[in-house]
Amino acid sequence: MAAEKMALAKAINESLRRALEEDPKVLIMGEDVGRLGGVFRVTDGLQKDFGESRVIDTPLAESGIVGTAIGLALRGYRPVVEIQFDGFVFPAYDQIVTQLAKMHARSLGKVKLPVVVRIPYGGGIGAVEHHSESPEALFAHVAGLKIVSPSNASDAYWMMQQAVQSDDPVIYFEPKRRYWDKGEVDVEAIPGPLHKARVVREGTDLTLAAYGPMVKLCHEVAAAAAEEGKSLEVLDLRSVSPLDFDTIQASVEKTGRLVVVHEAPVFFGSGAEIAARITERCFYHLEAPVLRVGGFHAPYPPARLEEAYLPDLDRVLDAVDRSLAY
Amino acid sequence: MAAEKMALAKAINESLRRALEEDPKVLIMGEDVGRLGGVFRVTDGLQKDFGESRVIDTPLAESGIVGTAIGLALRGYRPVVEIQFDGFVFPAYDQIVTQLAKMHARSLGKVKLPVVVRIPYGGGIGAVEHHSESPEALFAHVAGLKIVSPSNASDAYWMMQQAVQSDDPVIYFEPKRRYWDKGEVDVEAIPGPLHKARVVREGTDLTLAAYGPMVKLCHEVAAAAAEEGKSLEVLDLRSVSPLDFDTIQASVEKTGRLVVVHEAPVFFGSGAEIAARITERCFYHLEAPVLRVGGFHAPYPPARLEEAYLPDLDRVLDAVDRSLAY
Amino acid sequence: MTVEGTAARTSRRSAGKKSGTSGTKAAGTTGTKRATRTTAKKGSGTVTAADPDLVQLLTPEGQRVKNAEYDRYVAGITPEELRGLYRDMVLTRRFDAEATALQRQGELGLWASLLGQEAAQIGSGRALNDDDYVFPTYREHGVAWCRGVDPVNLLGMFRGVNNGGWDPNSNNFHLYTIVIGSQTLHATGYAMGVAKDGADSAVIAYFGDGASSQGDVAESFTFSAVYNAPVVFFCQNNQWAISEPTERQTRVPLYQRARGYGFPGVRVDGNDVLACLAVTKWALERARAGEGPTLVEAFTYRMGAHTTSDDPTRYRSEEERLAWEAKDPILRLRRHLEAGKHADEAFFAEVEAESEALGKRVREAVRAMPDPDHFAIFENVYADGHALVDEERAQFAAYQASFADAEGV
Amino acid sequence: MTVEGTAARTSRRSAGKKSGTSGTKAAGTTGTKRATRTTAKKGSGTVTAADPDLVQLLTPEGQRVKNAEYDRYVAGITPEELRGLYRDMVLTRRFDAEATALQRQGELGLWASLLGQEAAQIGSGRALNDDDYVFPTYREHGVAWCRGVDPVNLLGMFRGVNNGGWDPNSNNFHLYTIVIGSQTLHATGYAMGVAKDGADSAVIAYFGDGASSQGDVAESFTFSAVYNAPVVFFCQNNQWAISEPTERQTRVPLYQRARGYGFPGVRVDGNDVLACLAVTKWALERARAGEGPTLVEAFTYRMGAHTTSDDPTRYRSEEERLAWEAKDPILRLRRHLEAGKHADEAFFAEVEAESEALGKRVREAVRAMPDPDHFAIFENVYADGHALVDEERAQFAAYQASFADAEGV
Ligand SMILES: Cc1ncc(C[n+]2csc(CCOP(=O)(O)OP(=O)(O)O)c2C)c(N)n1
Ligand SMILES: Cc1ncc(C[n+]2csc(CCOP(=O)(O)OP(=O)(O)O)c2C)c(N)n1
Ligand SMILES: [Mg+2]
Ligand SMILES: [Mg+2]
């Protein structure tokens with residue numbers, strides 16, 4: 001048994017290392033990913049061991065990074081690109097949604113673009129502006145992209161393995177405030193499908209659905225609710241595109257209630273899509289409307305306000321109570 | 001009475017002309033907006049009459065267009081920027097979501113950015129790739145922007161007047177396939193609020209909600225349904241951010257059923273937000289889940305497929321039937 | 001008034017027919033006037049061999065001019081090869097004219113004509129080796145021709161049956177890119193990969209004068225310079241970006257842009273196929289020799305409208321067009337061939353016949369092009385599939401079947 | 001090992017204290033070592049007056065070098081003005097050191113030190129007229145000082161109480177821009193507006209060597225050239241973009257970038273306050289005279305870490321830092337003042353006392369900075385209001401009230 005306890009960031013690092021080892025076509029690209037090992041050290045040591053031609057410090061230009069990664073993919077490479085922070089992905093947005101997402105379809109399947117775009121995302125680390133955003137919905141609306149976000153070290157490891165192996169572009173959102181959370185990683189395990197949600201805690205009264213950084217919070221909420229005698233089921237969605245509606249549906253058919261939690265603003269966020277579709281699928285099972293807990297319709301606030309802005313135990317419990325009150 | 005029949009494109013042209021006349025700070029900027037008058041002739045004649053310093057042909061660089069418009073707004077100007085087609089807004093996406101949307105909040109209200117971004121959007125004109133997209137959801141998720149879309153000539157005229165006068169940035173989505181549709185425009189009218197939805201046809205059995213190009217379709221659907229004895233209420237939402245949930249709610253409380261129609265892909269589209277929030281607001285009034293008719297999770301298809309791709313009479317009627325069947 | 005004059009000397013459908021699926025309907029219909037290119041007067045225009053910044057090997061009159069630096073790249077060129085270039089240009093122009101006509105007939109939704117840019121495209125296209133890779137815009141029909149892409153395949157996206165109708169790897173010719181400038185980064189990345197592979201091939205990225213303003217193009221200059229990528233940036237400065245003259249994009253000649261990024265830029269007479277061939281060969285050799293990127297600005301002219309939806313009479317003068325007509329790339333090479341007795345009447349007649357045959361083949365092939373199946377909407381969105389696409393496909397199938405059922409009842 | 005050495009000569013809180021709200025926690029804690037700037041050996045480094053491409057008016061030893069082109073811009077400078085530049089630099093450095101210390105103490109979440117770049121910032125900042133307008137990055141504390149922005153206000157965003165704590169129009173100093181390169185377009189647009197107004201003021205846009213790679217910066221070059229906008233692009237090439245040396249951004253000197261866009265670029269010794277003053281004045285005068293944009297590359301060095309979250313020992317050598325220490329901008333001017341007897345001990349003592357007072361004031365003001373009210377989240381999202389913001393604000397109020405109620409029970 002090859003299980004080892006490691007931090008989530010380290011798990012990604014190990015997964016990238018393995019990808020570099022196993023496939024000479026895998027490349028790492030981004031700002032400061034080389035000598036520095038990235039501002040979060042996720043690529044620590046990789047340039048040292050694999051050289052500058054495989055772990056590439058790029059010019060400071062996100063459109064250029066993604067655009068050249070596309071070109072490298074066309075040449076047969078499998079670039080794993082780092083965007084330094086969530087708020088800096090937008091200069092690359094055009095290349096991502098117009099080229100990366102659409103080239104496979106445009107070529108009638110002739111061209112594949114196995115590019116992984118890594119984005120550390122979300123708040124809770126007291127950062128300055130643009131360093132705490134959760135833009136996943138802005139990518140999920142776009143066909144041709146796959147969007148995933150691990151919540152723990154083991155998933156971080158395995159979902160990265162699968163993302164690198166995917167022949168589709170994958171946006172891999174890293175829950176940066178969980179980078180230092182440790183978990184068991186079994187590097188010899190056989191992982192389940194990349195886009196399947198997981199029931200991480202069983203319950204009967206209400207379903208909590210989350211991904212990335214909010215899964216841990218939902219665990220805490222479920223524990224707190226349990227003390228009050230409420231049995232909450234917690235889903236780790238893991239994938240935002242596709243969303244695993246089957247797993248959510250099965251849970252909601254059992255519990256009759258659903259609360260979706262994410263850091264991103266509620267308005268036009270993932271919760272909207274989940275609420276709309278699950279209401280359609282489970283119309284006769286729902287005892288209450290699907291409720292959403294997430295960011296407000298406001299720019300991510302300065303650090304001293306983020307505690308008030310971010311979903312927390314009380315905010316989610318409040319939504320649980322409101323749902324149960326129906 | 002100053003009412004006049006004119007095409008929707010002409011109504012925008014007249015509204016821009018009036019804005020240029022009434023406020024010397026108003027500018028028109030974009031690719032080919034000058035001598036050519038824009039590829040759709042929406043700015044026809046304006047450079048001739050107001051000169052090159054107010055109607056500005058820009059270099060071919062969308063980020064530059066929006067970025068310099070921001071700078072001009074900081075200097076006290078009120079730029080109305082044209083993006084030539086929906087699919088070409090993405091190079092400007094960073095400047096729009098990171099700067100244009102957030103600068104007012106960032107400055108604690110000290111700085112206002114009265115910039116209008118005009119985007120001809122949507123399909124149905126048999127165009128090549130990137131010329132038929134409906135990206136409104138990608139902007140609505142972002143706080144700090146206001147998103148509107150007129151469906152007829154009168155609204156096109158008045159909503160542009162209001163957008164130019166707004167001290168907030170407004171993304172003004174122009175339903176390009178309706179450019180040539182004529183309607184009465186009363187240039188002396190007193191317009192209602194910019195972000196208020198309008199009941200454009202009353203009905204009792206089901207509510208159809210749409211904006212921009214799909215409003216006309218919904219009228220046709222309602223007429224067809226009426227022949228089958230079904231009474232549909234049609235809402236022209238007019239504004240996507242904010243969405244006028246009060247008007248939708250009032251209608252749904254009456255009809256008990258809602259179908260939302262837009263060209264944009266359903267997944268993470270406007271319909272999701274509307275469905276989620278209306279279900280929350282009208283949980284006990286809804287006889288059926290909110291249904292959505294829109295684009296598929298696929299790139300906008302080549303022209304010869306767009307008829308199959310776009311919501312049409314049959315697709316919407318099918319959804320109406322499904323809703324009524326609950 | 002005048003748009004898309006072409007040199008096609010045979011009968012064409014009369015103009016003014018408007019496609020029901022025109023990309024930018026607002027542009028309205030525009031008349032046409034037969035251009036009499038072969039009888040254009042000579043010697044006018046501003047670009048002459050005297051321009052020291054412009055590489056020219058053939059004058060508009062077809063005279064060979066010496067050039068110390070670039071002669072060597074076409075030194076061994078045979079009469080047969082010269083005839084080949086001529087044939088390429090004529091056939092490309094003929095194909096282009098046919099496509100314009102097909103648009104008028106409603107067979108295509110739109111067409112972007114390369115009229116006037118044949119020398120830039122054939123010269124650069126014929127400079128390439130088979131294992132070089134091309135990243136075109138939407139107007140590189142002549143380059144596609146050089147790469148052996150069946151011209152019929154170029155028409156799919158303009159007809160609206162697909163968004164890119166060929167396998168890029170079959171001919172090392174990437175799909176047309178419509179979003180201005182994007183492909184220069186793809187080319188740069190591809191070239192970085194070529195360098196990593198230790199291959200000695202090169203990459204060429206086409207773009208326009210308008211595109212030079214896009215941030216992506218600047219970033220491709222930076223990346224290619226920093227990584228010393230084997231890429232040639234081939235800018236066809238056809239003087240116009242739709243209605244905007246080059247002065248709206250830059251106040252100095254575009255080829256000068258390169259120097260500030262640390263690589264050479266050169267301006268070549270884009271209507272001189274020999275000069276385009278030589279300069280591109282030079283740039284490609286630099287790339288293959290590990291000397292990194294080069295910018296080539298081919299100074300040429302868009303003789304027609306921007307696309308069939310455009311009406312250039314709104315923004316430019318007939319005089320300008322006429323001045324450039326005198327520098328016609330095909331006429332120029334023909335004069336050279338005739339003066340040097342490198343071709344006889346039989347050759348010209350043969351090319352003419354070939355043109356006819358090509359036109360006919362294209363016409364027939366386009367008309368026979370079937371509309372795609374509705375379910376193509378759901379195909380190839382992903383390489384590995386996606387649950388939602390599967391679900392929507394199934395729903396769509398059920399929905400379509402419901403009509404059949406209804407009709408069955 | 002070494003980061004953020006500063007020249008502050010008075011006692012500082014010891015290092016290693018880690019803020020709980022550090023922006024990039026992963027970067028870990030780094031030790032500190034007092035830099036002994038005033039005793040650094042002289043004459044080392046690669047940039048000397050001998051470099052023909054570099055405008056220098058003061059050698060590292062403080063000697064005045066003649067310059068035919070730029071001398072006139074500082075010809076009339078008085079000893080008092082020289083002392084003023086010295087004072088500006090010392091106070092700026094002191095403020096910067098205080099901020100770094102405050103970050104270590106947990107009062108700030110992050111700090112981006114300008115250590116080493118004082119001359120570039122004070123020289124250019126003092127070249128400005130009141131009605132000129134400045135678009136800074138996040139590191140222009142010295143320029144802010146010149147504009148009269150209270151340094152305390154700069155700390156709000158680094159403390160996390162706001163995202164921009166001053167009224168840009170009060171001092172014609174725009175908010176700090178974090179997204180690399182964006183502000184160069186805002187500056188260009190603003191300058192286009194200045195030109196439209198017929199005003200004879202100018203605009204200056206600051207950015208870094210790393211930023212030079214961003215498409216936005218290239219587009220700002222294009223727009224400013226095409227519209228002949230009165231803007232000065234002031235690039236502080238401090239040799240590093242976080243961990244990446246300038247070679248990752250360009251293979252030729254950055255000032256050369258401008259020429260290819262049709263306007264002049266010049267490289268100035270960024271550690272020479274006089275040269276920065278002169279060159280910026282020249283560039284601003286060009287702008288005001290309607291001659292359009294200029295690129296100034298101030299060749300300098302980021303003596304400290306990128307920010308307090310950064311650990312430069314991972315990617316650069318102590319030798320390099322030491323070489324630049326010998327070119328310290330403050331020491332250089334002090335030597336010049338002393339050699340020319342433009343300042344006496346009393347002056348230096350007074351500046352020192354002022355520094356102390358500034359440090360104390362900043363320290364106290366920051367500690368007294370209150371956290372914003374929670375409802376600030378909903379303020380200023382829109383100028384004219386937005387129904388959803390109102391709804392969410394009301395819901396949030398009710399939610400918060402529910403705790404009060406619960407506690408009340
Ligand atoms: C990003 C983007 N913006 C706008 C357009 C619309 N458009 C298509 S072609 C064109 C002009 C291109 O000019 P140029 O680069 O000179 O190429 P040419 O058409 O002359 O060959 C424009 C503005 C586009 N395709 N992409
Ligand atoms: C668009 C964008 N990408 C990445 C970053 C992260 N980042 C912040 S500062 C920096 C380096 C900037 O280097 P340079 O322009 O030389 O300025 P300096 O910090 O040296 O003053 C990076 C990569 C950012 N702020 N914005
Ligand atoms: Mg052009
Ligand atoms: Mg730097």
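Keep in mind that this is a model prediction, so the values were computed, not measured. Proteins get letters first, then strands, A, B, ... in listed order; numbering begins at 1 in each.
In this structure, the portions of A:Asp32 lying under 4.5 Å from any heavy atom of chain D include both its backbone and its side chain. Residue contact with chain A, scored on non-hydrogen atoms closer than 4.5 Å, involves the backbone and the side chain of D:Ile377 alike. Only the backbone of D:Asp373 comes within contact range of chain A, with heavy atoms under 4.5 Å apart. For a residue to count as touching a neighbouring chain, one of its non-hydrogen atoms must lie under 4.5 Å from one of that chain's; by this rule D:Tyr138 does not touch chain A. For D:His306, no part sits under 4.5 Å from any heavy atom of chain A, backbone or side chain. Both the backbone and the side chain of A:Glu31 come within contact range of chain D, with heavy atoms under 4.5 Å apart. Only the side chain of D:Phe378 comes within contact range of chain A, with heavy atoms under 4.5 Å apart. Heavy atoms of D:Ile242 lying under 4.5 Å from chain A belong to its backbone as well as its side chain. Contact of A:Tyr300 with chain D is made through the backbone alone, with heavy-atom distances under 4.5 Å. Contacts between A:Glu62 and chain D at a heavy-atom distance below 4.5 Å involve backbone atoms as well as side-chain atoms. For A:Arg315, the parts sitting under 4.5 Å from any heavy atom of chain D are the backbone and the side chain alike. Proximity to chain D (any heavy atom under 4.5 Å) is shown, for A:Gln47, by neither the backbone nor the side chain.
Heavy-atom contacts from other residues, nucleotides or ligands closer than 6.0 Å to CZ of A:Arg35 number 12 or fewer. In the displayed structure, D:Gln395 atom CD is contacted under 6.0 Å by more than 12 heavy atoms of other residues, nucleotides or ligands. The 12-atom threshold is not exceeded at NZ of A:Lys182, counting heavy atoms of other residues, nucleotides or ligands nearer than 6.0 Å.
Shown here are the salt bridge (Lys or Arg N to Asp or Glu O under 4.0 Å) partners of D:Glu392, two or more places apart in sequence or in another chain: there are none.
Taking each heavy atom of A:His131 and D:Ile178 in turn, the nearest pair found is CE1-CG2, 3.9 Å. Closest approach of A:Pro302 to D:Gly160, counting heavy atoms only: CB-O, 3.3 Å. Shortest non-hydrogen contact noted between D:Glu244 and A:Thr58 is OE1-O, 2.5 Å.
Between chain A and the residues D:Tyr315, D:Phe158, D:Tyr399, D:Tyr382, the largest count of heavy-atom pairs under 4.5 Å involves D:Tyr399. Of the residues considered (D:Leu388, D:Thr250, D:Val389), D:Leu388 shows the highest number of contacts with chain A, using heavy-atom pairs under 4.5 Å. Comparing D:Gly210, D:Gly208, D:Ser182 by heavy-atom pairs within less than 4.5 Å of chain A, the highest count is held by D:Gly210. Counting heavy-atom pairs closer than 4.5 Å to chain A, the top-ranked of the candidates D:Asp216, D:Asn162, D:Val217, D:Asp209 is D:Asn162.
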Point to revise | Test log, rule side chain to side chain contact (heavy atoms under 4.5 Å, CB included), inputs A:Leu36 and D:Asp310 | key: CA-CA 9 Å; A:Leu36 183 63; D:Asp310 180 37; 4.2 Å; yes
Practice item. With side chain to side chain contact (heavy atoms under 4.5 Å, CB included) as the test, would you mind laying out the steps for D:His386 and A:His297 before giving the verdict? Key: CA-CA 9 Å; D:His386 187 281; A:His297 190 64; 3.6 Å; yes
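Residues D:Asp371 and A:Arg304 are paired through a salt bridge, judged by an N-O separation under 4.0 Å between the basic side chain and the carboxylate.
At least one donor-acceptor pair under 3.5 Å links the side chain of D:Gln249 to the backbone N or O of A:Leu60.
To the nearest 0.5 Å, atom CZ of residue A:Arg41 and atom CG of residue D:Asp311 are 6.5 Å apart.
Classified by interplanar angle (parallel below 30°, tilted 30° to 60°, perpendicular above 60°), the ring pair A:Phe296/D:Phe396 is perpendicular.
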